[in-house]
Number of protein chains: 2
Amino acid sequence: MNASLSLEADRALLGRTSTAEKVAEILRTRIIEGAFQPGERLAEDKIVKALSISRNTLREAFRLLTHARLLTHEMNRGVFVRSLTADDVRDLYRVRRMLECAVVGAITTPPAGLAQVEAAVTEGERAEREGRWRELGTANMHFHQALTALAGSPRLDEMMQQIIAELRLAFHVMNDPKRFHAPYLGRNQHILADLREGDGSAAAEKLSDYLTVAENQLLTGFATRTPPTG
Amino acid sequence: MNASLSLEADRALLGRTSTAEKVAEILRTRIIEGAFQPGERLAEDKIVKALSISRNTLREAFRLLTHARLLTHEMNRGVFVRSLTADDVRDLYRVRRMLECAVVGAITTPPAGLAQVEAAVTEGERAEREGRWRELGTANMHFHQALTALAGSPRLDEMMQQIIAELRLAFHVMNDPKRFHAPYLGRNQHILADLREGDGSAAAEKLSDYLTVAENQLLTGFATRTPPTG
DNA sequence: GGTAGAGGATTGTTGAACAATCCTTCAAGG
DNA sequence: CCTTGAAGGATTGTTCAACAATCCTCTACC
């Protein structure tokens, strides 16, 4: 009983993070959620007041987010939420195609870690039934994160996480989440079926098809919107 | 003449960076060069004095380097140069295998951007002739960065840059750069020959072989050293 | 040898200050 | 009316000092 209590206290210690890191996480979440417009400037004064922190702490948090490509830091002009261009989208999908298809295509037997892939499909099915299209999109991203996680590489996981975060910025440009995310659930189910049989090659082909369709849809959405500022 | 002068002035403006960014770059370079030992703590006071900057500026610079995985930031204990473990090495090579082989393996015709690959091989040949083994290692890394650059993806380039930076930390554990880097020049020359013929599949196979050998050599070097602290 | 406490060093955060830069507005000149 | 230049205000980048919190080391005691 005593040992169990002591370990729980240790677990709380593991979660200690600095204020700067907490603020970075808050901002990251808000940016991904779309609380800020692409291109919007994050004025230090406003955020300092909103979060009751010091400017220096905020500046540290901004620096933490720089590498995540969610912010752009412009000397003497401030920090802006990234605006993705069509070229960004193309590059993101080029990288996804390379990463995800390499992972999936290398599978020759039913992989051990399918539970998360399955959970993401289940999550998507539930979201679809309940007509919650944003959550469907989130489940789709979980699906792809889980695909990459089949490689068992912490670095690949982090790369994919970053790619997905950037893609979130792009998705906010799309004004119809149902139209954008709904068609892919069936594809995910087929990819999962291939993986269950250990047919990575077939799964990678379906995945590549999906990526091409999704990329084109996103690029079309971009073309029908006003060009981003900056 | 006037327009030319004006543009040159603009070019100087493009290079403006903040002190925090400059400091981050200085630290990054020093870390990669091996000026600090793996596991070494970067005491704020010492660096502040050495570089004549303020603590807050240094902290911003540290935050910029966190994501690069060159530093580890430990709450209330300070900032440390990363120590790579054998698992890190395995993951780095897993990612390299995935990235580099996907890029190279997709080549079916002689690619347009071979000049940088060729330059890296030339650089390696010169370094070998002059017996400069560290430079040979650098040329080898340039070779692999140039391979990845064949994909024409800014994000992939940056990922590869980061992987190479991390690998630099691992290489400092190896105490014989000649023994480690020298055998790979010939392999690079063969990979280049395949690429000149547009045979990406053959190149990818040679590349995969190289990665396996290099990984095992590095892991062997790790096993014969004292375990890193932390 | 193990534990507890004290003291010093260091980190994390805050806030004030100032210099530099940018942006907006206004006025003057062509 | 348009362009240019200057002034003023807002904001950013950096510095400095201060303080609280935490960690680490050392010493003393059991």
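Note on naming: letters A, B, ... go to the chains in the order of the sequence lines (proteins, then strands), and numbering restarts at 1 for each one.
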Give every donor-acceptor pair under 3.5 Å between a side-chain atom in residues 45-56 of chain B and any protein atom, sequence neighbours left out.
{"from": "B:Ser54", "atom 1": "OG", "to": "B:Asn56", "atom 2": "N", "distance (Å)": "3.2"}
{"from": "B:Arg55", "atom 1": "NE", "to": "B:Glu44", "atom 2": "OE1", "distance (Å)": "2.7"}
{"from": "B:Arg55", "atom 1": "NH2", "to": "B:Glu44", "atom 2": "OE1", "distance (Å)": "3.0"}

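- Contact annotation for B:Glu21: no contact, since no heavy-atom pair falls under 4.0 Å across all strands.
- By the ring pair (Phe, Tyr, Trp, His ring centres under 6.0 Å) test, A:His142 is found to be paired with no residue, residues two or more places apart in sequence or in another chain being considered.
- Residues from residues 60-68 of chain B that place a heavy atom under 4.0 Å from any atom of DNA chain D: there are none.
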Under 4.0 Å protein heavy-atom contact, by nucleotide of nucleotides 15-24 of chain D - B base, S sugar-phosphate only: BBBB---SSS

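- Under the ring pair (Phe, Tyr, Trp, His ring centres under 6.0 Å) criterion, B:Phe36 pairs with no residue, sequence neighbours left out.
- Applying the 4.0 Å criterion to OP1 and OP2 of D:dT12, one finds that A:Arg41 has a side-chain N or O inside that range.
- Between the C1' atom of D:dG13 and the CD atom of A:Glu74 lies a distance of 15 Å, rounded to the nearest Å.
- Legend: residues meeting side-chain contact (heavy atoms from CB on, under 4.5 Å) with B:Ala102, ordered by chain and number and at least two apart, are A:Met98, A:Ala102.
- The side chain to side chain donor-acceptor pair (under 3.5 Å) test applied to A:Ser18 returns B:Arg63, not counting sequence neighbours.
- The distance between atom CZ of B:Phe80 and atom C1' of C:dT10, rounded to the nearest whole Å, is 11 Å.
- Separating the CG atom of A:Leu51 from the C1' atom of C:dT13 is a distance of 14 Å, rounded to the nearest angstrom.
- The aromatic rings of B:Tyr184 and B:Tyr210 lie perpendicular to each other, with more than 60° between the two planes, well past the 30° mark.
- What separates CG of A:Leu42 from P of D:dT12 is a distance of 10 Å, to the nearest Å.
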Name each donor-acceptor pair under 3.5 Å that joins a side chain in residues 145-153 of chain A to protein atoms two or more places apart or in another chain, with its distance.
{"from": "A:Gln145", "atom 1": "OE1", "to": "A:Gln161", "atom 2": "N", "distance (Å)": "3.4"}
{"from": "A:Gln145", "atom 1": "NE2", "to": "A:Asp157", "atom 2": "O", "distance (Å)": "3.0"}
{"from": "A:Thr148", "atom 1": "OG1", "to": "A:His144", "atom 2": "O", "distance (Å)": "3.1"}
{"from": "A:Ser153", "atom 1": "OG", "to": "A:Arg155", "atom 2": "N", "distance (Å)": "3.4"}
{"from": "A:Ser153", "atom 1": "OG", "to": "A:Leu156", "atom 2": "N", "distance (Å)": "3.0"}
{"from": "A:Ser153", "atom 1": "OG", "to": "B:Asp91", "atom 2": "OD1", "distance (Å)": "2.6"}
{"from": "A:Ser153", "atom 1": "OG", "to": "B:Asp91", "atom 2": "OD2", "distance (Å)": "3.4"}

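- The side chain to side chain donor-acceptor pair (under 3.5 Å) search around B:Tyr93 returns none, not counting sequence neighbours.
- The distance between atom NZ of A:Lys49 and atom P of D:dT11, rounded to the nearest whole Å, is 8 Å.
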